[in-house]
Protein chains: 2
Amino acid sequence: MAERNASPAMGSRGESLLFLTEDQLRRGIEAMFFAYRGFTADPDRILQEYGYGRAHHRAIHFINRTPGTTVNNLLSILGVTKQSLNRVLRALVEDGLVESRVGTRDKRERHLYLTDEGKALERDLSEAQRARMRAAFRNAGPEAVAGFRAVLEQMMDPEMRRHYLDGVDNG
Amino acid sequence: MAERNASPAMGSRGESLLFLTEDQLRRGIEAMFFAYRGFTADPDRILQEYGYGRAHHRAIHFINRTPGTTVNNLLSILGVTKQSLNRVLRALVEDGLVESRVGTRDKRERHLYLTDEGKALERDLSEAQRARMRAAFRNAGPEAVAGFRAVLEQMMDPEMRRHYLDGVDNG
DNA sequence: ACTTTATGTCAGCCTTGTTGACTTTCCAAG
DNA sequence: CTTGGAAAGTCAACAAGGCTGACATAAAGT
């Protein structure tokens, strides 16, 4: 019920706050919706050929990013139940794309790795997705990319932000 | 197979193209993934209370954006089958959130409107989503917001971009 | 009169999410 | 050494929301 009627035009210090109007926010919401569709479109096509879905892509992506990650760690990144993830991982292991090694320190844990075949599919999928991202970044320019990432980071839940920031070039 | 080994460091005209490295692209991909989760988290919680899902939210959003829109138009925006959309619309009409009026010029068409109850839910949902978007925009600043939108627009499929650009403040 | 378009609907299938219950393995504290 | 609890796997059942295919109806267009 606060600032309803769409025109916070000027802030208290006189900056233009036009970018915070209801209409601008709606535009941002729709941008997310439409862009996410594009973002997933190319991998979805490839996955379909293999009989996999987005859930498989997500698992493959994060196993590739952090080889040897445990099931539990993957669960907290993906935010699904272990039953859901297990179904996906079982398929990937059975099909020989993922290897599940019993932990050495803690033998309850399973450490996940992509096989060569898994890496090949990962490259296929992420190259398709990167191609679109690359084109978008190039057309928009480096400053836009910085803004893109700044806004997205702010949109994440804190726990997701931690996972996101984890993924820096450290291994 | 083109520019594989992650370092297109400098472009032909000498600009820094560091923002186009494989790693930067992967970061962008993960930003989209994690941010989209945050983007949908708040409405998802509200929808659950009403026994609805994201599909209902999307229908409600675009009916609100363009009152009187036809089923066909909604189909092309949402990119689902009429059977899928119909299931959702039927529920919303039965529950009295959406009104479906036979067209006057073309009586085959159904024009869709939110009822007062529908508008109330729409406000609930979009206010939750806007609150997060507003915070993200405010923390990131106007220039970042411009970049955010520029990149997302580039990421859309052309048809989706048209729908996105349609939604300018003209009604 | 015939064709096309817009919509609705029925039936059935798949993926991917959920909960709940149960087992096995195994580290670690008592 | 025993036991509690964490990590993992598995089974069953269910729901949302995608999909395809087939078919019905009304109205518009040719």
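Values in this document were obtained by computation on a predicted structure and should not be read as measured data. So that the names make sense, note that chain A is the first sequence line, chain B the second, and so on, each numbered from 1.
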Review point. Hey, what's the ring geometry for B:F33 with A:F62, parallel, tilted or perpendicular (30° and 60° as the breaks)?
Key: tilted
Rounded to whole Å, CG of B:L85 lies from P of D:dA16 at a distance of 17 Å
Result for 5'-nearest mapping on DNA chain C, choosing between A:R110 and B:N73, is B:N73
Identify each atom pair where a protein N or O and an N or O of nucleotides 9-11 of chain C are less than 3.5 Å apart, giving names and distance.
| unit_1 | atom_1 | unit_2 | atom_2 | d |
| --- | --- | --- | --- | --- |
| C:dT9 | OP2 | B:N86 | OD1 | 3.2 |

In whole angstroms, the gap separating P of C:dT5 from CG of B:L75 amounts to 15 Å
Would you say a side-chain N or O of B:S84 is under 4.0 Å from OP1 or OP2 of D:dC19? yes
Contacts satisfying ring-ring contact (aromatic ring centres under 6.0 Å, His included) that involve residues 82-138 of chain A (not counting sequence neighbours) are A:F137-A:F148
Taking pairs as Watson-Crick (N1-N3 plus N6-O4 or O6-N4) or G-U wobble (N1-O2 and O6-N3), each distance under 3.5 Å, the stems of three or more consecutive pairs with DNA chain C are C:1-30 with D:1-30
Cation over ring, B:R138 on A:F19, under 6.0 Å and within 45°?
no
Residues pairing under salt bridge (charged side-chain N to carboxylate O under 4.0 Å, His left out) where one sits in residues 48-64 of chain B, two or more places apart or in two chains, turn out to be B:D44-B:R54
The side-chain hydrogen bond (donor to acceptor under 3.5 Å, both in side chains) partners of A:R132 (sequence neighbours excluded) come to A:D42, B:D157
So salt bridge (charged side-chain N to carboxylate O under 4.0 Å, His left out) across residues 81-101 of chain A, not counting sequence neighbours, yields A:E99-A:R101
Residues of residues 41-60 of chain A with a heavy atom under 4.0 Å from any atom of DNA chain C, listed by number, are A:G53, A:R54, A:A55, A:H56, A:R58
- request: For the pair A:N139 (side chain) and A:A135 (backbone), establish whether a donor and an acceptor sit closer than 3.5 Å, ignoring hydrogens and angles.
  value: yes
Across all chains, not counting sequence neighbours, the ring pair (Phe, Tyr, Trp, His ring centres under 6.0 Å) partners of B:H57 are none
Here the distance between atom P of C:dT7 and atom CG of B:L78, to the nearest Å, is 13 Å
Next on the checklist: Quick check on D:dG18: is either OP1 or OP2 less than 4.0 Å from any side-chain nitrogen or oxygen of B:T81?
Outcome noted: no
Which of C:dA6, D:dA8, D:dC19 is nearest the side chain of B:N72? It is C:dA6
Contacts of B:Q83 meeting side chain to side chain contact (heavy atoms under 4.5 Å, CB included) (sequence neighbours excluded), chain-then-number -> B:T81
Residues at least two apart in sequence or cross-chain that pass ring pair (Phe, Tyr, Trp, His ring centres under 6.0 Å) with B:Y36, listed by chain then number, are A:Y36, B:F39
Contacts satisfying ring-ring contact (aromatic ring centres under 6.0 Å, His included) that involve residues 77-98 of chain B (not counting sequence neighbours) are none
Report, one pair per line, the protein and nucleotides 25-28 of chain D atoms (nitrogen or oxygen only) whose separation is under 3.5 Å.
| unit_1 | atom_1 | unit_2 | atom_2 | d |
| --- | --- | --- | --- | --- |
| D:dA28 | OP1 | B:R105 | O | 3.3 |
| D:dA28 | OP1 | B:K107 | N | 3.2 |

Check your understanding: Do you see a donor-acceptor pair shorter than 3.5 Å between the side chains of A:H61 and A:S126?
Key -> no
Does OP1 or OP2 of C:dT16 have a side-chain N or O of A:R87 closer than 4.0 Å?
no
Distance-only polar pair, side chains of A:R161 and A:Q154, donor-acceptor under 3.5 Å: no
